[in-house]
Amino acid sequence: MSKKKKKKKAQKKELIKQIPDMSGEFQQRFQKFHDELRWLYMELYDNGSMFAELCERLEQFYTGRKDSLKALDREREADPNWYKQNDMLGMMFYIDNFAGTMKGVEEKLPYLEQCNVNYIHLMPFLESPEGRSDGGYAVSDFRKVQERLGTMEDLEDLTESCHKKGISVCMDFVMNHTSEEHEWAKKAREGDGEYMSRYFFFENAYIPSLYEKTVPQVFPTTAPGNFTWLSEQEYFVMTSFYPYQWDLNYKNPRVFNEMMYNFLYLANRGIDIVRLDAVPYIWKELNTQCRNLPQVHTIVRMMRIVSEIVCPGILLLGEVVMEPEKVVPYFGTVEKPECHMLYNVTTMATTWHTVATRNVGLLKKQLDTVFGLPKEYLFLNYLRCHDDIGWGLDYEMLAAKGMEERAHKQYLNDYFQGYAGNSNSRGELYNADPVTGDARFCGTTASMCGIEKAGFEQDDAAIKKAIRLDVMLHAYMFVQSGIPVIYSGDEIGQVNDYSYKEDPKKAADSRFIHRGAMNWKLAEQISDEKSVQGKLFGQLKELEAIRKREQVFVSEADVRTIETWDPAVLCIERRYGEEKLIALFNFSEFDKTAWINETDGEYVELISGRRMTASGVDIPSYGFYYLKKIQSAEEV
């Protein structure tokens with residue numbers, strides 16, 4: 001036996017000795033996953049004592065978990081597909097914009113129930129330096145809530161109240177970096193080697209210059225480069241995002257362990273879904289792009305195992321901004337899963353591309369890819385979120401149709417600013433680069449659909465058309481496979497908020513245009529069917545009721561697109577058991593005909609109740625139909 005094998009055998013024996021004495025539920029879970037977790041950990045770190053510490057702390061976090069949360073864990077273990085049903089509907093919002101504080105959110109739970117929402121994503125709420133927080137993504141303390149929003153006790157009260165109403169709570173877990181004001185960063189500034197090793201420090205520019213040769217820039221105009229020079233310390237530190245966000249060094253097992261302890265601490269406060277922010281960035285290697293490296297998947301798999309042992313009711317949501325077929329590795333495999341859910345980012349961007357071009361070709365191709373993936377893979381679908389829209393489209397396909405990348409990006413940005421293509425959209429650019437022509441777009445769903453422009457011009461006909469487009473896009477989102485998530489304010493048609501320009505701390509970041517405070521005066525009008533708010537809210541509520549009622553909307557359904565022979569019309573078919581739904585969407589401001597020919601009987605249109613045939617269907621401008629195959633006389 002080689003010395004290396006003898007050493008590993010001796011380490012294994014020592015590790016077995018150090019496994020804490022456990023019994024019951026925790027022991028069963030731990031023993032189920034121990035060998036794989038140990039193998040992954042030792043492969044990455046080869047550090048037995050740190051692994052033993054991790055195991056011991058897992059038991060402590062399990063012991064400290066509330067009985068009510070343990071009961072919820074067991075319930076979800078017994079029904080592992082609980083989050084894949086057709087009743088799931090999410091809403092994301094900033095706590096201060098939505099209700100001021102966490103206590104305020106708790107008071108607004110009846111409104112969320114009225115919206116049929118049973119999954120809320122609380123945008124970043126952990127402590128972060130004011131003015132240097134990147135919207136809360138520069139965390140200075142992973143165990144403290146921003147004082148203006150409340151306390152950890154308030155968070156626990158909120159999650160407990162949500163659970164009583166059947167509402168799951170999601171939060172952001174910023175894994176890639178900390179704020180420069182984090183305790184670790186402060187000690188690293190003081191020259192403490194233990195804490196400097198938790199980041200990437202370099203005495204001169206040589207190694208950073210090597211990284212810069214291969215690592216893309218995240219914000220080339222507002223935060224160019226991937227390193228920041230600390231003049232007082234005379235060191236470079238890696239900062240992939242902003243200079244005040246220091247990248248964590250996951251090659252150090254202490255970083256992994258401590259971040260897992262933070263994760264479990266938050267899980268024990270009642271969090272149900274943990275959004276892994278910027279997860280592709282967390283492992284760094286010279287001569288690579290420092291994106292999507294194999295070690296990232298090792299870490300995410302270990303994180304999944306840690307949650308399966310301590311809190312199996314928790315879901316991991318990966319923020320991976322790539323085409324659907326390229327994000328698939330972050331699901332892991334059926335035998336060794338990683339994330340439970342991923343964002344469908346590219347489809348969101350392609351949806352707005354379709355609005356601007358009135359051509360569903362690219363969207364249809366992308367949906368075919370998504371629909372062809374294993375049904376175990378679950379995506380979160382959305383029209384808008386807190387972030388900008390980057391035009392990461394399939395330019396190879398577009399080039400074949402005569403659309404050159406730079407010119408097309410220019411067109412899209414001009415269109416949504418209202419400058420081109422007979423557009424009714426309003427919004428602003430973010431991080432525009434005059435050299436490359438790249439830019440990202442900011443705006444609310446309502447403003448991009450024309451509600452802002454029509455309201456300003458007091459054009460009733462234009463308002464009706466804008467509402468029709470808005471509702472059609474939501475109806476289309478609900479038909480996609482996965483969980484639909486609404487950005488707070490979209491349910492009442494909230495438009496762009498330009499007041500951010502008056503705040504010096506926000507003026508440079510145009511993303512605040514769609515991060516305006518919830519207008520509760522407008523929300524009071526949701527019962528007024530004559531108001532914009534009432535029309536939107538009422539129609540969305542009807543769509544939500546249909547999705548919850550019809551089993552064909554479950555994630556396990558078979559889904560495909562059907563050719564309509566009109567470039568502006570998208571057709572999606574869903575089948576589940578004997579049920580069949582044909583959904584048609586007109587992305588044009590003109591009336592169109594979908595030249596489909598489903599000759600298998602009659603259908604009922606679920607909005608109007610009208611009986612129809614699914615053949616040569618005429619669709620009004622920005623209109624849509626949900627056509628359900630009639631199985632029996634009782635369905636008519």
Side-chain angles (χ1 to χ4, degrees), residues 216-218 220 280 289 291-292 318-331 342-374 377-385 387-416 420-421 423 425 427 429-433 436-443 448 473 476-477 479-482 559-573 583 585-588:
Q217 300 178 77
V218 178
Q289 290 193 338
R291 310 278 199 277
N292 307 303
E319 187 218 9
V320 188
V321 184
M322 295 185 294
E323 301 92 325
E325 62 270 29
K326 292 182 181 179
V327 306
V328 164
Y330 286 88
F331 285 115
L342 297 175
Y343 284 106
N344 198 351
V345 179
T346 311
T347 299
M348 178 274 296
T350 304
T351 297
W352 291 108
H353 153 89
T354 306
V355 170
T357 61
R358 291 82 162 177
N359 190 303
V360 303
L362 181 59
L363 181 59
K364 183 177 182 298
K365 178 188 175 187
Q366 196 162 79
L367 290 174
D368 286 338
T369 299
V370 175
F371 297 157
L373 296 174
Y377 298 164
L378 189 75
F379 286 99
L380 258 68
N381 302 304
Y382 59 100
L383 296 175
R384 288 298 296 114
C385 68
D387 221 341
D388 50 78
I389 302 176
W391 302 115
L393 308 173
D394 184 345
Y395 289 103
E396 185 175 339
M397 177 181 174
L398 293 177
K401 296 182 178 296
M403 299 182 192
E404 188 270 329
E405 180 173 347
R406 178 163 180 163
H408 190 57
K409 286 179 178 178
Q410 182 70 53
Y411 168 73
L412 292 173
N413 285 320
D414 286 347
Y415 178 90
F416 286 109
S423 169
S425 173
L429 299 185
Y430 173 69
N431 229 32
D433 187 337
T436 64
D438 282 333
R440 308 176 189 188
F441 183 79
C442 303
M448 294 177 74
L473 290 175
Y476 144 78
M477 177 179 69
V479 169
Q480 294 179 56
S481 289
V559 192
R560 69 180 182 116
T561 65
I562 296 175
E563 181 58 65
T564 66
W565 305 105
D566 188 297
V569 181
L570 177 70
C571 180
I572 298 176
E573 176 193 85
F585 307 96
N586 181 0
F587 279 80
S588 164

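Residue numbers count from 1 along this sequence.
Going from atom CH2 of Trp352 over to atom CZ of Arg384 covers 7.5 Å, rounded to the nearest 0.5 Å. One finds the CZ atom of Arg358 at 11.5 Å from the NE2 atom of His353 (value rounded to the nearest 0.5 Å). Here CZ of Arg560 is found 12.0 Å from CD1 of Ile572. Values are rounded to the nearest 0.5 Å. Interatomic distance, OH of Tyr395 versus CD of Glu404, reported as 9.5 Å (0.5 Å rounding). The structure places CD1 of Ile389 at 9.5 Å from CG of Leu383, a figure rounded to the nearest 0.5 Å. In this structure, CG in Leu362 is found 9.5 Å from OG1 in Thr347, a value given to the nearest 0.5 Å.
Counting heavy atoms from C-beta outward, Phe441 and Met448 have side chains that approach closer than 4.5 Å. Taking 4.5 Å as the limit, some side-chain heavy atom of Phe585 sits within range of a side-chain heavy atom of Val479. By the 4.5 Å heavy-atom criterion applied to side chains, Phe416 and Leu429 are not counted as neighbours. In this structure, Phe587 and Leu363 have side chains that are in contact, with non-hydrogen atoms separated by less than 4.5 Å. Counting heavy atoms from C-beta on, the side chains of Met348 and Met477 never come closer than 4.5 Å. Side chains of Lys401 and Asn359 form no contact here, defined as non-hydrogen atoms less than 4.5 Å apart. Looking only at side-chain heavy atoms (C-beta outward), Gln289 and Pro216 come within less than 4.5 Å of each other. The shortest distance between side-chain heavy atoms of Trp391 and Asn413 falls below 4.5 Å.
Paired with Gln366 under the rule side chain to side chain donor-acceptor pair (under 3.5 Å), one option of Thr346, Thr351, Thr350 passes, and it is Thr350.
Taking all atoms of both residues into account, the shortest heavy-atom contact from Gly421 to Tyr411 is CA-OH, 3.7 Å. Residues Val328 and Leu373 come closest through the heavy atom pair CG2-CD2, 3.6 Å. Looking at every heavy atom in both residues, Thr357 comes nearest to His408 through CG2-CE1, 3.8 Å.
In this structure, the side chain of Ser588 does not engage the main chain of Ala568 through any donor-acceptor pair within 3.5 Å. With hydrogens and angles disregarded, a donor-acceptor distance shorter than 3.5 Å links the side chain of Asn381 to the backbone of Ser481.
Every ring pair (Phe, Tyr, Trp, His ring centres under 6.0 Å) that Tyr377 has, sequence neighbours left out, goes to Phe331. Every residue meeting the side-chain contact (heavy atoms from CB on, under 4.5 Å) condition with Arg440, not counting sequence neighbours, appears here in chain and number order: Phe219, Asp388, Tyr430.
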Are Tyr382 and Val345 close enough, and set up right, to give a side-chain contact (heavy atoms from CB on, under 4.5 Å), and what steps lead you there? CA-CA 8 Å; Tyr382 59 100; Val345 179; 3.5 Å; yes
